[in-house]
Amino acid sequence: MKISVIGSGYVGLSTATVLAELGNDVIGADIDKDKIEKLNNGIMPIFEPGLKELVERNIKEKRLRFTYDNKEAIQHAEIIFICVGTPPKATGETDLKYIEAVAKEIAETVGSYKVIVHKSTVPVETGEKVQKIIGENVKEGVDFDVVSNPEFLREGTAIKDTMEPDRIVIGADSEKAVEIMKKVYGPIKAPLIITDIRSAELIKHASNAFLATKISFINAVAQICELSGADVEKVAEGMGYDKRIMRAFLNAGIGYGGFCFPKDVQAFIKISEQYGYDFQLLKATHDINEQQKELFVQKVKNTLKDIGDKKIGILGLSFKPNTDDMRFAPSVYIIQELQKEGAKIKAYDPEAIERAKSILNDIEFCKDSYEVCEGADILLLLTEWNEFKELDIKKIKSLMKNPLIIDGRNIYNPEDMQKEGFSYISIGRKDVV
Ligand code: UGA
């Protein structure tokens, strides 16, 4: 099938690449000329495991190419995916200006029937807005259908999640569009949920809000564990065996970050407000998440007493492992708060240092974890990259000024750390000192 994907960010790029891999004739578009030139030369704009190989293979086999000319992409396709950004406004509401602009461009360009699919995370009723914009601007007699097909991929596992999704949601009010979408996703084995457009849009916001709430719930439980002397890892394990609960997303830590949960929770609160519903549960989800970072900084302050003259080593900057994404990373707040107290920061991250340099100032970026440990008064673990789980703990102890770790991701076993002679403080577990 001839498919175009407008917007080549995480969602658009993964979608375009996987649809090409499935055998379609795909054009990926983006207004960022530099990004497109790089992509056509096999240079990836983001770090995403497996993406580069797949893009290169599909470009070589002529199933995939990229353009900065949206019109060229629109003319090429029978199915047009809109995957442009939906950033938050200062009020927390979703800014739909990019979606609206693309909808208008599609309307002005198309000359025959198209299925127009919005994949970006959008407020309920955006489908109708897109229908209206296209309807008002399209040439007379040209038919089209709008479909909501939300994306559920995670950064770091974007390709795998797109190839093997838990479900595919298709929101449409036309049988013809549903049949075309079924054909697009035919090669992917996953439950297909066919629904109206509004329900599809809500499935996405409700899913992200639920997952964020699950994280805030376990973070709240972690506080009770600290106060009562229980162990949140054991509590999560015990809860997780219940099939109605499950263990995933019950990892206590320094709170969720990234470009999805923080903005989508805020947007969903706003959407609810606009319908006249006060979504108190989600407000608490947000508040607990903010508190989690503050409590972590408080732990550092309580442990070090005087931060002013201390050298603080940071392991992990990205909002989660296997990505270089620093957007809404808890590390940014934590580092900036410690710098306000006068701390000297040394930091290492396997992928995010370049991006961190444009956000954070006055940091000594190191080439590896051991360089961070040299002369450090304390080590803070902020992202659970696998390589941090395999560090030589004895070597770390010999390099640090004090054997003191505060682990914001609970990656080490407190008893083991105690045996190695560390003072080890983590989240929702007993401190060993
Ligand atoms: C999230 C959703 O998981 C995807 O399904 C969705 O498609 C995506 O948002 C989106 O809307 O585009 P992502 O932001 O890539 O994906 O990352 P997650 O793996 O969900 O992690 C989000 C944050 O939650 C991270 O900061 C992570 O450290 C934190 N987290 C996650 C926890 O603190 N505890 C957990 O148990 C799980």
Side-chain angles (χ1 to χ4, degrees), residues 7 9-15 46-49 83-88 94 118-123 149-162 164-169 201 203-222 232-233 235-237 239-240 245-268 285-286 288-293 295-296 316-334 352 381-385 407-411 426-428:
Y10 275 98
V11 172
L13 193 49
S14 308
T15 303
I46 47 171
F47 170 76
E48 190 59 47
C83 299
V84 293
T86 47
T94 308
H118 61 289
K119 230 183 193 325
S120 317
T121 306
V122 291
N149 169 221
E151 180 51 58
F152 301 98
L153 67 80
R154 291 160 297 174
E155 289 180 20
T157 50
I159 295 300
K160 189 173 182 296
D161 289 348
T162 313
E164 303 161 31
D166 288 344
R167 78 298 211 184
I168 294 164
V169 174
E201 290 165 341
I203 287 171
K204 172 66 189 189
H205 260 135
S207 299
N208 272 9
F210 187 83
L211 290 168
T213 303
K214 203 172 173 190
I215 298 169
S216 281
F217 184 86
I218 199 68
N219 279 331
V221 171
V232 74
E233 295 297 322
V235 174
E237 187 189 346
M239 289 168 68
I245 300 176
M246 307 296 273
R247 177 63 182 80
F249 276 66
L250 286 181
N251 295 321
I254 48 178
Y256 57 77
F259 200 54
C260 299
F261 288 172
K263 91 172 157 64
D264 291 351
V265 165
Q266 291 295 79
F268 206 24
T285 293
H286 168 78
I288 290 169
N289 197 56
E290 291 301 296
Q291 252 174 37
Q292 217 49 30
K293 290 178 276 190
L295 286 166
F296 187 81
L317 295 164
S318 56
F319 81 97
K320 66 171 191 175
N322 300 322
T323 177
D324 59 353
D325 199 343
M326 287 293 297
R327 292 176 296 177
F328 296 94
S331 66
V332 175
Y333 170 86
I334 292 167
L381 200 135
L382 303 186
T383 317
E384 68 278 31
W385 284 90
D407 179 356
R409 301 292 185 175
N410 288 357
I411 69 167
S426 51
I427 310 289

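In listed order, ligands and their atoms are each counted from 1. All values below were derived from every heavy atom in this structure, side-chain atoms included, with hydrogens, water molecules and symmetry-related copies excluded. Keep in mind it's a predicted model, so treat the numbers as computed, not measured.
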Run through ligand 1 for me and note each protein residue having a heavy atom under 4.0 Å from it, chain first, then residue number. E151, F152, L153, R154, E155, K204, N208, I215, F249, L250, N251, Y256, G257, C260, F261, D264, F319, K320, R409

One should read off an interatomic distance between Q292 CD and Y333 OH, to the nearest 0.5 angstrom, of 11.5 Å

Separation of I411 CD1 from W385 CH2 (nearest 0.5 Å): 12.5 Å

Residue set satisfying salt bridge (charged side-chain N to carboxylate O under 4.0 Å, His left out) with R409, at least two apart, ordered chain then number -> E384

K320: which residues meet the side-chain hydrogen bond (donor to acceptor under 3.5 Å, both in side chains) condition with it, sequence neighbours left out? none

Between F319 and R327, is there a cation-pi geometry (under 6.0 Å to ring centre, at most 45° from the normal)? no

Could you pull out all donor-acceptor pairs under 3.5 Å where a side-chain atom in residues 251-263 meets a protein atom, sequence neighbours excluded?
| residue | atom | partner | partner atom | Å |
| --- | --- | --- | --- | --- |
| N251 | OD1 | R247 | NH1 | 3.0 |
| N251 | OD1 | R247 | NH2 | 3.0 |

